[in-house]
Enquirer: 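My questions will all concern the structure given below.
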Amino acid sequence: MINVIWLALIIIGFGFAAAQGNIEAVTSAAFDGAKTGVTVCFGLISVLVFWLGMMKLAEDSGLLKKIAKLLSPVVRFLFPDVPRNHPAMGYILSNMSANLLGLGNAATPMGIKAMQELQTLNQDKTGASPAMCTLLALNTASITLIPTTLIAIRMNYKSANPTEIVGTTLVATIIATFAAVAADRYYRRKFLKRNPRPPIPADPMQGAKPDMKG
């Protein structure tokens, strides 16, 4: 559907430019846009490589595990139907830790792994479970301490103070996260009231250790 919308926008743009006899402006804008895209991508590569390296250092030094341990009570509150020692918990904690550091690209594979593990607990394989919806809401509106990608884009466009958005981003993501959690709690209770499910075994993965490497 998105491809159809983009194609329609391009065709309409060409149509209006041709009708006004200004078709060369479209060609110029297309090449300028492509050049800008490549420039921005190269600008992002250096910053993302740096932060992914920092993420690896944080993981190897044990910092990520400490952050995950700090977040454990919050995660157990948000995902009450996921057993404590299930591998999904490790991936969820890693995903939240990466999002806190603004490492969206590093958080994505962990989020996918968490979804795959949550699917093993899902009793209805054709639909998303409440825990999967909670993870999606949190991943979309996660609290971000350092908006790495935005800072990289602002640096690429020669911003005078590329880090000035840190405070604003933190406040905005905190509000978004609380709104997402509130909506998730409301609809989770509403859904479970209509579709009561038998409780999941207390600890089906007894003895298994969460995989923190993603």
Side-chain angles (χ1 to χ4, degrees), residues 1-2 5 40 43-44 47-48 50-52 54-55 58-59 63-82 84 88-118 122 127-195 210 212 214:
M1 187 61 187
I2 294 296
I5 294 174
V40 171
L44 288 174
V47 177
L48 289 177
F50 170 76
W51 281 109
L52 286 174
M54 293 295 291
M55 187 72 176
E59 181 182 347
L63 176 62
L64 198 59
K65 286 186 177 179
K66 290 182 179 178
I67 296 176
K69 187 176 180 180
L70 190 66
L71 293 174
S72 291
V74 179
V75 174
R76 285 199 296 273
F77 167 75
L78 293 173
F79 298 89
D81 47 355
V82 178
R84 178 177 298 188
M89 295 296 276
Y91 289 123
I92 292 171
L93 288 166
S94 297
N95 173 265
M96 292 179 66
S97 301
N99 276 325
L100 275 174
L101 299 176
L103 302 173
N105 288 346
T108 299
M110 298 174 193
I112 293 173
K113 286 284 188 181
M115 281 291 185
Q116 291 173 341
E117 293 296 338
L118 290 176
N122 189 5
S129 66
M132 296 168 80
C133 294
T134 301
L135 176 61
L136 181 62
L138 283 176
N139 196 57
T140 304
S142 175
I143 295 175
T144 302
L145 299 177
I146 308 172
T148 310
T149 304
L150 288 179
I151 291 174
I153 293 175
R154 289 170 62 86
M155 290 174 63
N156 196 59
Y157 281 99
K158 313 298 181 186
S159 171
N161 188 4
T163 60
E164 67 180 356
I165 60 170
V166 171
T168 308
T169 302
L170 181 60
V171 173
T173 54
I174 288 175
I175 294 173
T177 301
F178 275 100
V181 171
D184 174 72
R185 294 286 104 174
Y186 172 77
Y187 285 106
R188 175 189 282 255
R189 290 179 182 177
K190 194 173 179 181
F191 174 79
L192 292 179
K193 191 174 181 180
R194 288 201 315 254
N195 305 279
M212 298 297 297

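Quick caveat, the model's predicted, so the values are computed rather than measured.
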Enquirer: Taking all non-hydrogen atoms of both residues, which atom of Thr134 and which atom of Leu78 are closest, and how far apart?
Expert: CG2-O, 3.8 Å
Enquirer: Check whether Ser129 reaches the backbone of Asn122 with its side chain - one donor and one acceptor, N or O, closer than 3.5 Å.
Expert: no
Enquirer: What distance do Ile92 atom CD1 and Arg76 atom CZ have between them, rounded to the nearest 0.5 Å?
Expert: 12.5 Å
Enquirer: What's the separation between atom OG1 in Thr169 and atom CD1 in Ile174, rounded to the nearest 0.5 Å?
Expert: 11.0 Å
Enquirer: Flag the pair Asp81 and Arg188 as a salt bridge only when some basic side-chain nitrogen lies within less than 4.0 angstrom of an acidic carboxylate oxygen.
Expert: yes
Enquirer: Once rounded to the nearest 0.5 Å, what's the spacing between atom CE of Met115 and atom OH of Tyr91?
Expert: 14.5 Å
Enquirer: Please name the pair of heavy atoms, one in Ala114 and one in Leu135, separated by the smallest distance, quoted to 0.1 Å.
Expert: CB-CD2, 3.6 Å
Enquirer: Determine, stepwise, if the pair Asn161 / Thr163 fulfils side-chain hydrogen bond (donor to acceptor under 3.5 Å, both in side chains).
Expert: CA-CA 6 Å; Asn161 188 4; Thr163 60; 3.3 Å; yes
Enquirer: How far does CG of Leu138 sit from SG of Cys133, to the nearest 0.5 angstrom?
Expert: 11.5 Å
Enquirer: Distance from Phe79 atom CZ to Leu93 atom CG, nearest 0.5 Å?
Expert: 9.0 Å
Enquirer: Considering all heavy atoms of both residues, which atom of Ala131 and which atom of Val82 are nearest to each other, and what is their separation?
Expert: CB-CG2, 4.1 Å
Enquirer: To the nearest 0.5 Å, what is the distance between CE on Met89 and CD on Glu117?
Expert: 12.5 Å
Enquirer: Taking the six-membered ring of Phe77 (Phe, Tyr or Trp), confirm whether the NZ or CZ of Arg185 is under 6.0 Å from its centre and within 45° of its axis.
Expert: yes
Enquirer: Within the distance-only criterion (no hydrogens, no angle test), does the side chain of Asp184 pair as donor or acceptor with the backbone N or O of Ala137 below 3.5 angstrom?
Expert: no
